Amino acid sequence: MIDLKVLRENPEIMKKSQSARGENPDLVDEVIATDDLRRAALTEFEVLRAEQNTISKSVAASKGDEKSVLLEKAKTLSVAVKNAEAIKNTAEVKAKETLMGLSNFIDPLAPVGGEADFKVIEEVGTPRDFKKEGFEAKDHVELGKILGAIDVERGAKVSGSRFYYLTGMGAMLEFALVNYAIASANKNGFTPVIPPVLVKPAAMEGTGFLGQAAENIFHLKEDDFYLVGTSEVPLAAYHMDETLEANKLPLRYSGYSSCFRREAGTYGKDTRGIIRVHQFDKVEMFSFCKPEDAEAEHLRILQWEKDFLNAMEIPYRVIDVASGDLGASAARKFDCEAWIPTQGTYREVTSTSNCTEFQARRLNIRMKDTKGTKAIATLNGTLVAIPRMIVAILENHQQPDSSVKIPKALQSFLGTDKFLPVKN
RNA sequence: GGUGGCGUGUCCGAGCGGCCGAAGGAGCGCGCCUCGAAAGCGCGUGUUGGGGAAACCUAACCGUGGGUUCAAAUCCCACCGCCACCGCCA
């Protein structure tokens, strides 16, 4: 949610921001207009209500004829107040609704354009040259089968396409990744959290996922629960309707949870393997901080993501995501894309967004210092999304005999430095 | 799922139709006292929206949403949450 005061002062900037996202800039004028209506209705109601309050009080103090006259007057006024209140309420709902339709202000530093207009910030590491090494890289599906680590056939049998089983070393690899991730997050001041993955509409709405992103969310209609697509949702909503002490910020949480995504409109995309699945586990970093610290915090989170990828010894690049591909809440977003040998390209494995005050305002989270209460900023970033990281590790660290070398950082968690084929 | 109880300010806790934004206490802040502190004493101490340069004015807020009434923390209804006991259960 955008701050109306800021919006009123800078409608043109907001319009530009909307346009850059490929969204409707006229919505800005509409927001201001509905808010004008809201305020007018508010004033009207308040004036009548004040009068009613005064008369009500004098009713109590009077008696006899005087009292019945006042009572008559009070009754008529009561009707007028009810009407004015109804109009006020309608105007408030409409104004809020319109305002909620606006996406976050875009950071002016974010590249403008569509999905393809991202800017590459850096490339780290060098992809292996398998030809030169004298063998052809197998993809993760094949390796997963050989190692007894991933079973997509049975995933499909039991749950349908885009489901899978992690088995044996595949399952062990998840535990190792999670343990390593949580350990690093602890070191960086994150409180580990295992959140609920079923949430109420308010949490979804507040984090900004019920707009254009809604089609990718599983909804349990019977009970009006949503299955979260990321633990960002329950982590952000953790402090919903709270006022946090400014001197305790930043508050950092690392959430480990399953994530559920409908992947609507992705038919035919990434149909093979576990790059794009309906359910996966993820360790997510989430930070509540002062708005003036948000940009620096964003860079810190990005650095922690890079640290993780460096520890996995995987070549990757970092991109500055373009305005049209930010999602409603983010002002700026960096993706880390790992090199996937069998695809010959970089694929998103982690992502960090600076949501500035947008989510916090929707979730009614503020901070308090000696001068009063103020807006707070929220940021999120993936530490590790299990399936894609497994893909990256298997494919990048495979050997000619289909064994896979384990990055040093994970070896102590796995008790081995290599995954070996299980049969044939 | 069933039965009973409860939900008030930072916290404890009173109020059960108008004089209640709400007693009292604790906490916190300022001052007095003191060499200094503790104790004691005095004063102050909510949030949000609207208007205003400001002083200030105004409205709303006693779990949430409706209703009754000229008037609701207070009465009625529904929902949510918490506690206790019972049933079921990983």
Side-chain angles (χ1 to χ4, degrees), chain A residues 1-9 31-100 102 194-206 220-227 234 237-249 251 257-258 281 291 357-376:
Chain A
M1 193 158 80
I2 298 299
D3 185 354
L4 263 169
K5 282 195 185 102
V6 175
L7 183 69
R8 282 182 171 281
E9 282 159 25
V31 166
I32 293 175
T34 53
D35 187 56
D36 286 340
L37 285 174
R38 178 195 134 252
R39 291 204 283 189
L42 215 208
T43 307
E44 178 125 11
F45 161 72
E46 280 192 3
V47 167
L48 283 168
R49 185 75 214 221
E51 198 182 334
Q52 188 192 29
N53 283 343
T54 319
I55 291 191
S56 274
K57 266 173 201 159
S58 57
V59 166
S62 66
K63 53 197 175 209
D65 285 351
E66 193 194 350
K67 185 162 189 162
S68 41
V69 170
L70 278 172
L71 259 177
E72 272 316 300
K73 207 168 156 194
K75 275 182 194 169
T76 6
L77 199 52
S78 170
V79 175
V81 168
K82 279 211 170 85
N83 282 336
E85 186 170 20
I87 292 168
K88 181 209 73 172
N89 287 343
T90 312
E92 274 175 354
V93 169
K94 177 85 180 133
K96 178 94 185 269
E97 229 175 65
T98 316
L99 180 60
M100 292 281 266
L102 277 181
I194 298 172
V197 293
L198 288 177
V199 300
K200 297 194 281 187
M204 260 317 166
E205 174 98 86
L220 306 188
K221 210 172 162 195
E222 285 283 301
D223 305 281
D224 204 12
F225 276 128
Y226 289 92
L227 272 165
Y238 185 62
H239 286 302
M240 179 161 65
D241 294 323
E242 292 180 25
T243 303
L244 309 174
E245 298 281 346
N247 59 22
K248 296 211 174 112
L249 301 174
L251 282 176
S257 84
S258 292
D281 294 333
E357 298 150 37
F358 186 80
Q359 282 181 334
R361 238 188 221 102
R362 292 174 149 237
L363 291 164
N364 190 27
I365 304 170
R366 287 164 302 163
M367 64 176 190
K368 186 178 175 179
D369 60 17
T370 47
K371 288 184 214 103
T373 57
K374 276 182 277 188
I376 199 168

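Since the structure is predicted, the reported quantities are computational estimates derived from the model, not experimental observations. Letters A, B, ... mirror the listed sequences (proteins, then strands); counts begin at 1.
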Over how many whole Å does the gap from [X] atom [atom1] to [N] atom [atom2] extend?
X: A:Glu242; N: B:U10; atom1: CD; atom2: P; result: 13 Å
X: A:Glu85; N: B:U58; atom1: CD; atom2: C1'; result: 15 Å
X: A:Lys96; N: B:G49; atom1: NZ; atom2: P; result: 12 Å
X: A:Leu4; N: B:G51; atom1: CG; atom2: P; result: 11 Å
X: A:Glu46; N: B:G49; atom1: CD; atom2: P; result: 13 Å
X: A:Lys368; N: B:G9; atom1: NZ; atom2: P; result: 13 Å
X: A:Lys57; N: B:U69; atom1: NZ; atom2: C1'; result: 17 Å
X: A:Glu92; N: B:A59; atom1: CD; atom2: P; result: 16 Å

- Choosing from B:G50, B:G18, B:A59, which nucleotide comes nearest the side chain of A:Phe45?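 The answer is B:A59.
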- Identify which nucleotide among B:C70, B:U69, B:G50 has an atom closest to any side-chain atom of A:Leu42, counting heavy atoms from C-beta outward. B:G50
Should [X] be listed as having a side-chain N or O under 4.0 Å from OP1 or OP2 of [N]?
X: A:Lys75; N: B:C70; result: yes
X: A:Asn53; N: B:A59; result: yes
X: A:Arg366; N: B:U48; result: yes
X: A:Arg39; N: B:G51; result: yes
X: A:Arg49; N: B:A60; result: yes
X: A:Ser78; N: B:A71; result: yes

What integer number of Å spans the [atom1] atoms of [N] and [M]?
N: B:A38; M: B:U45; atom1: P; value: 23 Å
N: B:A73; M: B:A23; atom1: P; value: 15 Å
N: B:A55; M: B:U47; atom1: P; value: 15 Å
N: B:U8; M: B:G50; atom1: C1'; value: 26 Å
N: B:G65; M: B:G81; atom1: P; value: 16 Å
N: B:G27; M: B:G13; atom1: C1'; value: 14 Å
N: B:C62; M: B:A22; atom1: C1'; value: 8 Å
N: B:C43; M: B:C33; atom1: C1'; value: 15 Å

Using a heavy-atom cut-off of 4.0 Å across all strands, would you classify [X] as base, sugar-phosphate, or nothing?
X: A:Ile55; value: nothing
X: A:Gln52; value: sugar-phosphate
X: A:Thr373; value: sugar-phosphate

[N] pairs with, by Watson-Crick or G-U criteria that keep both distances under 3.5 Å:
N: B:A54; value: none
N: B:U68; value: none
N: B:C35; value: none
N: B:G24; value: B:C12
N: B:G7; value: B:C80
N: B:A59; value: B:U48
N: B:G42; value: B:C30

- Under the 3.5 angstrom rule, does the side chain of A:Arg49 hit a backbone N or O of A:Val81 as a donor-acceptor pair? no
- Task: Output yes when a side-chain donor or acceptor of A:Ser78 lies under 3.5 Å from a complementary backbone atom of A:Ala74, and no otherwise.
- Result: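 No; judged by distance alone, with no hydrogens or angles, the pair does not exist.
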With side chains defined as the heavy atoms from C-beta onward, is the minimum distance between [X] and [Y] less than 4.5 Å?
X: A:Val31; Y: A:Leu4; answer: yes
X: A:Leu37; Y: A:Lys94; answer: no
X: A:Glu44; Y: A:Ile87; answer: no

- Note on the structure: dist A:His239:NE2 -> A:Asn364:CG (nearest 0.5 Å) comes out at 13.5 Å
- Starting at NZ of A:Lys88, measure out to CG of A:Leu42 and round the result to the nearest 0.5 Å. 6.0 Å
- Message: Assuming nearest nucleotide by heavy-atom distance, tell me which of A:Val59 and A:Arg38 is located more 5' along RNA chain B.
- Response: A:Arg38
- For A:Thr54 and A:Leu71, take the nucleotide of RNA chain B holding the closest heavy atom to each; which residue's nucleotide lies nearer the 5' end?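 Comparing both residues, the 5'-ward one is A:Thr54.
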- Intermediate values then yes/no, side-chain contact (heavy atoms from CB on, under 4.5 Å), A:Leu198 and A:Leu227: CA-CA 5 Å; A:Leu198 288 177; A:Leu227 272 165; 3.5 Å; yes
